[in-house]
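So that the names make sense, note that chain A is the first sequence line, chain B the second, and so on, each numbered from 1. Remember, it's a predicted structure, so these values are computed and weren't measured experimentally.
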Amino acid sequence: MIVAERKPFEEIKAMIEGCKKVLIVGCGECVSVCMAGGEKEVQILASQLRLAFEEEGKKLEAGETTLERQCDKEYLEEIKDKVDDYDAVISMACGAGVQFLAEMYDSKPVYPALNTQFIGVAEREGEWSERCRACSDCVLAETGGICPVAICPKGLLNGPCGGTNDGKCELSKEKDCAWTLIYNRLDKLGKLDNIRKIFPAKKYSVQTTPGRRIHEAFKEKE
Amino acid sequence: MGDSEPKVVAFCCTYCAYAAADLAGAMRLQYSPNVRIIKLLCTGKVEPLYLLKAFEAGADAVMVVG
């Protein structure tokens with residue numbers, strides 16, 4: 001899932017300076033799971049903003065709604081009758097959701113309430129870690145299912161480097177050395193020979209920006 | 001409740017704090033009427049939003065007792 005965290009409150013408040021009515025839109029997918037931008041977080045942000053404005057002697061009307069997700073147009077359309085009633089919209093989705101919402105309602109200021117961090121997994125309740133850099137050229141088959149691009153701070157395809165230290169990274173004792181993990185996993189799988197393979201320079205050319213994919217079935221016939 | 005008195009909302013656990021308040025009542029002990037009790041099955045149920053909503057509703061202070 002996409003992992004995000006809420007921006008500092010003061011930053012969000014500063015974005016809507018001068019607004020009297022804002023619509024806060026949550027997203028029911030990844031950011032709900034990582035407790036950053038779901039229904040609960042929408043309610044909390046709305047309440048905090050109302051209280052903060054009241055403290056300054058101002059009144060803020062904060063509308064609250066949470067969509068199934070913000071990365072599909074059909075769900076964004078659900079708020080088309082509401083948006084016009086507000087001075088601005090605060091999206092509590094990942095960066096993709098914020099942009100899609102802003103694109104659909106392009107005459108209305110749309111502000112992000114979250115900082116999107118990474119594609120990751122839930123290690124345990126309330127803790128997530130990065131697992132994928134969306135590099136468009138997956139090497140996990142060769143590395144025992146452990147990604148050196150995402151987990152090695154240097155993104156080395158031919159590791160470990162000289163900074164590996166008892167299974168930890170030279171950058172931080174908190175970080176595991178990705179290539180030690182890979183070595184141990186390959187050993188467990190009986191595929192230790194993989195470690196001798198030399199990866200050629202990574203094909204960054206496939207990592208186009210902005211990325212776009214059209215499913216075969218939806219490509220226009222030539 | 002006079003306007004000068006602070007309004008306090010107390011979220012109380014039914015098994016301890018609420019029982020204590022109930023006992024105080026049974027013993028005819030007085031405690032400040034400014035404290036408004038909301039009984040919860042467990043204070044573990046308290047969500048940040050409950051506290052914020054209490055402030056939005058005009059509370060000057062919120063207690064979580066459990």
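Enclosure of atom NZ in Lys20(A) is not indicated, since only 12 or fewer non-hydrogen atoms of other residues, nucleotides or ligands lie within 6.0 angstrom. Other residues, nucleotides and ligands contribute more than 12 heavy atoms inside 6.0 Å of the CD atom of Gln117(A). Enclosure of atom CD in Glu123(A) by more than 12 non-hydrogen atoms of other residues, nucleotides or ligands within 6.0 angstrom is indicated. Counting non-hydrogen atoms of neighbouring residues, nucleotides and ligands closer than 6.0 angstrom, the CD atom of Glu127(A) exceeds 12 such neighbours.
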Practice item. Show your working on side-chain contact (heavy atoms from CB on, under 4.5 Å) between Leu52(B) and Gln48(A) and close with a plain yes or no. Key: CA-CA 7 Å; Leu52(B) 290 165; Gln48(A) 283 181 298; 3.9 Å; yes
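Phe55(B) CZ to Glu54(A) CD: the interatomic distance, rounded to the nearest 0.5 Å, is 12.0 Å. With rounding to the nearest 0.5 Å, the separation of CG in Leu49(B) from CG in Leu45(A) is 11.0 Å.
Listed here is the closest heavy atom pair of Ser47(A) and Glu56(B): OG-OE2, 2.5 Å.
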